[in-house]
Amino acid sequence: MRAHDFIIQTRVELQEKSQHWSDEELFVKLQRSYIALQFALPFFIKKETFVITKGTSDFYLSKKPEQNIGLSIDGVNYAYTDIGHFYVDEREFTYTFDNDRVLFTPAVSKDVNVIAVYRYHEEIKTLNCEVAIPSSWYKALRLLLMSEIYEKPTRNSKERNLSTHYMKLYEYELKTLKQNKQVRPINITSNYQRI
């Protein structure tokens with residue numbers, strides 16, 4: 001679905017007697033909502049393969065990573081650490097992200113193959129861009145957009161409660177989406193008895 005079509009569908013629910021919000025204003029709010037939804041439910045995953053040369057201890061990714069998944073250099077799995085602890089961490093085979101750059105230790109002693117897997121955020125740049133999320137997430141995105149729209153009251157301060165209303169609906173939809181994931185850990189046992 002294109003961003004323009006999403007805005008048209010949302011505009012129907014605004015029940016405006018006259019057009020209060022322009023398409024550009026709604027588009028800016030849609031961009032913010034799209035990024036916020038991806039923070040709550042990370043979706044975009046990228047796997048990149050590189051060949052890095054001897055003595056190298058960093059390389060650049062094509063996207064800015066937002067969440068770590070894994071790094072393997074020449075078949076050795078590296079442990080992730082945040083950038084604040086990277087330089088003081090004494091463990092061997094660690095890595096971190098610095099914007100779109102990957103730093104790892106120790107530096108490689110020969111030319112090696114690297115596989116990096118990470119999550120990143122997509123942006124909607126124009127009204128003709130695709131809203132590239134699963135269709136089951138459209139409701140959550142719409143509710144978050146409605147919350148953004150009603151954050152500032154249009155006529156009087158009594159309408160401010162609509163933002164809270166849509167935010168609560170959005171949080172409920174997020175909870176439902178997380179619970180209904182098709183791939184979830186199952187058969188997790190505990191040493192304690194349920195009473």
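The shortest side-chain heavy-atom distance between E122 and I35 does not fall under the 4.5 Å cut-off. Side-chain atoms of H121 and F39, non-hydrogen and from C-beta on, do get closer than 4.5 Å to each other. Residues I7 and D23 have side chains in contact (heavy-atom distance under 4.5 Å, counting atoms from C-beta outward). You'll find the side chain of I133 reaches within 4.5 Å of the side chain of L37, heavy atoms only. Counting only heavy atoms from C-beta outward, the side chains of V117 and I115 approach each other to under 4.5 Å.
A salt bridge does not link K54 to D111: none of the charged nitrogens lies less than 4.0 Å from a carboxylate oxygen. Between K175 and E173, none of the side-chain N atoms (NZ, or NE/NH1/NH2) sits under 4.0 Å from a carboxylate O, so this pair counts as no salt bridge.
Proximity of a side-chain donor or acceptor of T96 to a complementary backbone N or O of I83 within less than 3.5 Å is detected. Without hydrogens or angle criteria, R142 side chain to F6 main chain gives no donor-acceptor distance under 3.5 Å. The backbone N or O of L143 sits nowhere less than 3.5 Å from a side-chain atom of S147 that would complete a donor-acceptor pair. Without hydrogens or angle criteria, E130 side chain to M1 main chain gives a donor-acceptor distance under 3.5 Å. Listed for the Q31 side chain is no donor-acceptor partner under 3.5 Å among the backbone atoms of E123.
The closest side-chain donor-acceptor pair between Y120 and Q38, if any, does not fall under 3.5 angstrom. In this model, no donor atom of one side chain and acceptor atom of the other lie less than 3.5 Å apart for E92 and T105.
Of the candidates K64, K63, E48, Y118 forms a side chain to side chain donor-acceptor pair (under 3.5 Å) with just one, namely E48.
Note: the hydrophobic cluster containing L71 also contains L61 (ILVMFWY, side chain heavy atoms under 4.5 Å, direct or indirect links). Both F44 and Y138 sit in one connected hydrophobic cluster of ILVMFWY residues. Membership requires side-chain heavy atoms under 4.5 Å apart, directly or through other members. Cluster membership check: Y78 does not share its hydrophobic cluster with I69, using side-chain heavy-atom separations under 4.5 Å among Ile, Leu, Val, Met, Phe, Trp and Tyr.
Taking the six-membered ring for Trp and the full ring otherwise, the centers of F93 and F104 sit at least 6.0 Å from each other.
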One pair to check against ring pair (Phe, Tyr, Trp, His ring centres under 6.0 Å): Y95 and F86. What are the steps and the verdict?
CA-CA 7 Å; Y95 73 101; F86 178 72; 8.7 Å; no
Decide side-chain contact (heavy atoms from CB on, under 4.5 Å) for I149 and E25; before the verdict, give the C-alpha distance in whole Å, the side-chain angles of both, and the deciding distance to 0.1 Å.
CA-CA 9 Å; I149 290 169; E25 291 172 328; over 6 Å; no
side-chain contact (heavy atoms from CB on, under 4.5 Å) between R101 and L103, intermediate numbers included:
CA-CA 6 Å; R101 188 170 73 150; L103 306 169; 3.4 Å; yes
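Using the six-membered ring where Trp is involved, F59 and F50 have ring planes that are tilted, between 30° and 60° apart.
Listed by chain and residue number, nothing satisfies the ring pair (Phe, Tyr, Trp, His ring centres under 6.0 Å) test with Y60 (two or more places apart in sequence, or in another chain).
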